[in-house]
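Below: one structure, written as structure tokens.
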4 protein chains.
Amino acid sequence: MNTTGRNIRLTTFGESHGAAIGGIIDGFPSNVRIDLEAVQAELDRRRPGQSHITTGRQEADRVRVLSGMLDGVTTGAPIGFIIENTNQRSGDYEEMAHVFRPSHADFTYEAKYGIRDYRGGGRASARETATRVVGGAFCKQLLAEHGIRIEAWTQQVGHVEMKEATADPESNAVRCPDSEAAARMIELIEQVKAEGDTIGGIVGCKISGVPAGVGEPHFDRLNARLGSAMFSIPAVKGVEFGMGFAGCSRRGSEVIDEFTTDVEGRIVTKTNHSGGIQGGLSNGMDIELRVGFKPVATLLREVNTVTDAGEPTVLKARGRHDACVVPRAVPVVEAMAALTIADFICGVR
Amino acid sequence: MNTTGRNIRLTTFGESHGAAIGGIIDGFPSNVRIDLEAVQAELDRRRPGQSHITTGRQEADRVRVLSGMLDGVTTGAPIGFIIENTNQRSGDYEEMAHVFRPSHADFTYEAKYGIRDYRGGGRASARETATRVVGGAFCKQLLAEHGIRIEAWTQQVGHVEMKEATADPESNAVRCPDSEAAARMIELIEQVKAEGDTIGGIVGCKISGVPAGVGEPHFDRLNARLGSAMFSIPAVKGVEFGMGFAGCSRRGSEVIDEFTTDVEGRIVTKTNHSGGIQGGLSNGMDIELRVGFKPVATLLREVNTVTDAGEPTVLKARGRHDACVVPRAVPVVEAMAALTIADFICGVR
Amino acid sequence: MNTTGRNIRLTTFGESHGAAIGGIIDGFPSNVRIDLEAVQAELDRRRPGQSHITTGRQEADRVRVLSGMLDGVTTGAPIGFIIENTNQRSGDYEEMAHVFRPSHADFTYEAKYGIRDYRGGGRASARETATRVVGGAFCKQLLAEHGIRIEAWTQQVGHVEMKEATADPESNAVRCPDSEAAARMIELIEQVKAEGDTIGGIVGCKISGVPAGVGEPHFDRLNARLGSAMFSIPAVKGVEFGMGFAGCSRRGSEVIDEFTTDVEGRIVTKTNHSGGIQGGLSNGMDIELRVGFKPVATLLREVNTVTDAGEPTVLKARGRHDACVVPRAVPVVEAMAALTIADFICGVR
Amino acid sequence: MNTTGRNIRLTTFGESHGAAIGGIIDGFPSNVRIDLEAVQAELDRRRPGQSHITTGRQEADRVRVLSGMLDGVTTGAPIGFIIENTNQRSGDYEEMAHVFRPSHADFTYEAKYGIRDYRGGGRASARETATRVVGGAFCKQLLAEHGIRIEAWTQQVGHVEMKEATADPESNAVRCPDSEAAARMIELIEQVKAEGDTIGGIVGCKISGVPAGVGEPHFDRLNARLGSAMFSIPAVKGVEFGMGFAGCSRRGSEVIDEFTTDVEGRIVTKTNHSGGIQGGLSNGMDIELRVGFKPVATLLREVNTVTDAGEPTVLKARGRHDACVVPRAVPVVEAMAALTIADFICGVR
């Protein structure tokens, strides 16, 4: 399915090198004023070629909204949008028609569909996430009206972990709120890139302002839905909430979040080991998660592989991909979080 | 939603201390011979009171299938089943009516519904997972006909990690295939229990025999759906596939899975860092995941908390819960994996 | 799918002659006080053997609610319920194992599933509608809290049409609010029954109190969802709203519903040719529909048919079925209307 | 929801006078060769201004497919498409901003959304059906590969009913296969139009080649799904299958469809009163239905109505609408039937 959500639903289409990518946001509430420049700004955060550490592919990535709005305000009708592809150098990709790139989806798409659009990864390209960013940008504006704020950042690149948030993550090319770590991350990415290699990393995300009681037992728990949303992003191999895997080696007495009351008499927890979710429902504390990305599989060096006939072959170095996808994945993580939370809270009925 | 799945759908009902729990399996293929004793045997693996390291609650947990079968064979009609609750000591729980247990769902259910069944956790009790085990047991038998096998085991308890699989995980109380580690895990659980505490852990899971091409881009990726299924299990705080979070600090050249051909000429990968999934679709290799459980929040000692009026109070020690849920979570992880894979492959249309 | 609804979902199971039938109502709001005797009373309206013109099959049809309620009030948890089958004379049905009854689902179930439960129609039996009546009864009580009232009645039996509503439809065995027509309908049914035949008819239904704006464009229009709900009832061959088919031969100027304002200044329509729905959304007027039932196919006389091997054979007369299903279908139409309207208005989120 | 289907899903967007309308077809099988000219030809059948009896609005209605195809063949990826609106005379519609046209969706949309796009009916305009025709055209080509053929025609206009099919329905402007009746229908439409009025009618539809066993009990019966699909078309007020409402006054002995075997030994029915569906599943005979359309509410004369403040006002005559929508609804009925049947039979899994 190329649709996510039950109440607010985003359906997407488009291949890396087709005519256009786009989507439909359905179930979005009416009478919400949308700042389309802010939507475009989100898209610019995900845009290829935005800094020297990202892919050299140049796409203007201008979103065009085709329906669902009247005089800057949503009408409750489905919001159709497209982003024309300006870069369709299919010719470059002819050699890919019969080769399976390792750790890419070429082989699995061929297995499922018996055909694949080999031009730049086709539908499996991470380019599809641009349409999610558009959907997420609408939802972020909607959630802001409900006092809900979503922030993601680069938590780790390779072995370089951030320590303390001291800066705006948008203030550096790697989107890390720890300036010192950011500098080392950028250095690492440059080094890896120079070696024709790639590197993995972790995106952190915090969702604040969600009232207690959001989510649905049992199979649509808030963590299940957020987890699914994150695993739907290309290259994600791990998701954890609150203490996550680190909590698995801890004792209950160390990690339970005791209740207390805040200055306004509301019930809150003293700690937030659970990351804002109890029993699949939000408890009113910040929702905290981490999303682990594997290193991107498109190396900038020669790679051994096989053809679709199973014959060994060598893929030439291809030079346009990101050495680390994490910085450009940050707005995608935010978008998926926004779509998920908005779906629970704000769908038109 | 208390329903999981699109083609094969399990819907469950029931509270910890109500009359019965049960469910409906819909979309299950016809003409599948089901061994109901094997279904019961799965349920016995999850049953409370099965060994000295699990909860003292005694429940016979006998499943009664009410529909959807004729002479031992499925008919394609929905399979209704119930498990009567034999242990309904509601009286024990009266004191819980106005107290929020820390790191439990009491507070969040109250926030969502404005009412909660306080008897033993009500709907939020892990007892609900018994109905998933029934659904999973049907699916395991179905998948076996397709040559698909699902195995889970205890990978880690506290800081004790398994090293090498040398034994049948079912051969020890903790369900760890490394006998030496199993002994240390049991020792740790006993010690934690004696101290009135609890401990977290990790379940490993392997799904073998899934052909290449199973899954659906983009939002129903196999990892998104498996991830969601795992996060829907109570107490799960992390899920990872293949190298998972460990791969985030690695380079692409280290972790890409190069293709080769096997003795029968089929395209396979030399390594399986991706855990059997590429681009959201199975690639024919074993699907490997790990599921992290936080320590259960019901301590066997006094705990500070608040009433629903926000007044501080002290919860008395309650002695019947598992000090570590991981061993009994093993069949639940298998059940959720079975339901998910069967849903993709086998639904009636 | 054996599930109906998106927000409030009823999933049903059970065969005519299995151990039990039942269902799960999921997404039902919390804190709704339910009168279980009123639920049982609805079930009694559908019960076989309630009058001399209905089937001789005797079923006590006692509903047992297993979950989702606490002290008479719903908790938001799924409501599981079962109705044990007391009448399981499977032996009677052995001869049906290899015969396809004309205009029944025997042949089509066999074609779809390659197996069928031949005992009394198995899953295809109209007995399944008892579980819908339970779900509908919960929803009727919920809708009553919103000032919404659903009434159905027998509009026509054979060529006997009601003229004017002068009586409580529940005051006669055929559930027709026109006492004079009711007498002729009963006479017709008795005559048809005496001749070993059956007769069709039409159920009328009115839903009052629905506010303007309920429904969803485009594919979940209120009429599309109500239409689907009605066509899901066994033996229904036609559904129409407002003027229905009669309006197809009329001119626009005759049938448009002009707006005016009522005494309280609210915008209403002078006429209601559209049956309370415009553009797929309620307009605040009564929603009016008619549901056409074919004559039941189980005749009380010998019938020519074929075996599953295609050999001609003769079905013996079977004497227990209704000569006209319409009176007992009245509560089922109400139940489906209640489930549909409640789904749009009241689902938990 | 603006999505229809479970396995093959069409999601649509767009307003009458916005920038473009369009949609996404998701779940469409891969490796299906699509004749895009045939898709365009279907769209031309629905196009405004195609004959003297249809609306004067001129729209080129050229469909542009943006994704999901490679070299004329589907890839299994979602098929995005748009139809640019060339006619956006919003200015004409300013006067509509505060007026509720009788028997249109103006009032109900305002009630639901608190805002509406008043330009030409906005989202509620029948123009949306153009996107369904595109989706249906893809499905018709797919179904043709399965030997399934869908034909619709004008059965009745006002009181003029067709008698016998003697001609290609496409051979006359009214799409009636009875040439003599067609002439009288056209005459009636011209007369009604001259009087500034409109007239209703009935579309007949036959689906042949569907194998036995297609459909899903209980809530997704083939008739429930087809019924829902038809009621989702603007202006539809009635749907019936086989004998439909006429069968309600008949006896069982008259209308049961006796089984026999055909020359190839297959089990078939001697008659087809049930219209090809038994127990919600196809029985292999032709599926026959009729869809009743009310007269369109946009009269070509002055109409009394109210403003959104409830003040009486008079709508001026507006001259561009069809006096009878039935001829142009024929391809829409076919499209909805094609989408529904394809959804059951052909979805990618």
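Here is how names work: the chains are called A, B, and so on, in the same order as the sequence lines, proteins then strands, and each is numbered from 1. On a predicted model such as this, the values are computed, not experimentally measured, just so you know.
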Verdict with reasoning, Arg127(D) to Asp61(D), per salt bridge (charged side-chain N to carboxylate O under 4.0 Å, His left out) | CA-CA 10 Å; Arg127(D) 178 150 182 73; Asp61(D) 278 359; 2.7 Å; yes

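Heavy atoms closer than 4.5 Å to chain D are found in both the backbone and the side chain of Asp117(A). With a 4.5 angstrom heavy-atom cutoff, Ile82(D) touches chain A only via side-chain atoms. For Arg123(A), the part lying near chain D is the side chain, with the backbone staying farther off; criterion is any non-hydrogen pair under 4.5 Å. With a 4.5 angstrom heavy-atom cutoff, Ile25(A) does not touch chain D via any of its atoms.
Ranked by heavy-atom pairs under 4.5 Å with chain A, the first of Ile79(D), Thr11(D), Asn31(D) is Asn31(D). The greatest number of non-hydrogen atom pairs below 4.5 Å with chain D, out of Gly14(A), Ala77(A), Gly80(A), is found for Gly80(A). In terms of heavy-atom pairs under 4.5 Å with chain A, the best-connected choice from Asn2(D), Val65(D), Leu70(D) is Asn2(D). Counting heavy-atom pairs under 4.5 Å between each of Ile24(A), Thr75(A), Leu66(A) and chain D puts Ile24(A) at the top.
The residues Glu216(A) and Arg6(A) are annotated as salt-bridged, a charged nitrogen and a carboxylate oxygen being separated by less than 4.0 angstrom.
Listed for the Asn85(A) side chain is a donor-acceptor partner under 3.5 Å among the backbone atoms of Glu15(A).
Side-chain atoms of Thr305(A) and Arg101(A) form no donor-acceptor pair, as typed in the model, at a separation below 3.5 Å. Donor-acceptor pairing under 3.5 Å is recorded for the side chains of Arg132(A) and Ser232(A). No hydrogens or angles considered: a donor-acceptor pair under 3.5 Å links the side chains of Glu128(D) and Thr12(D).
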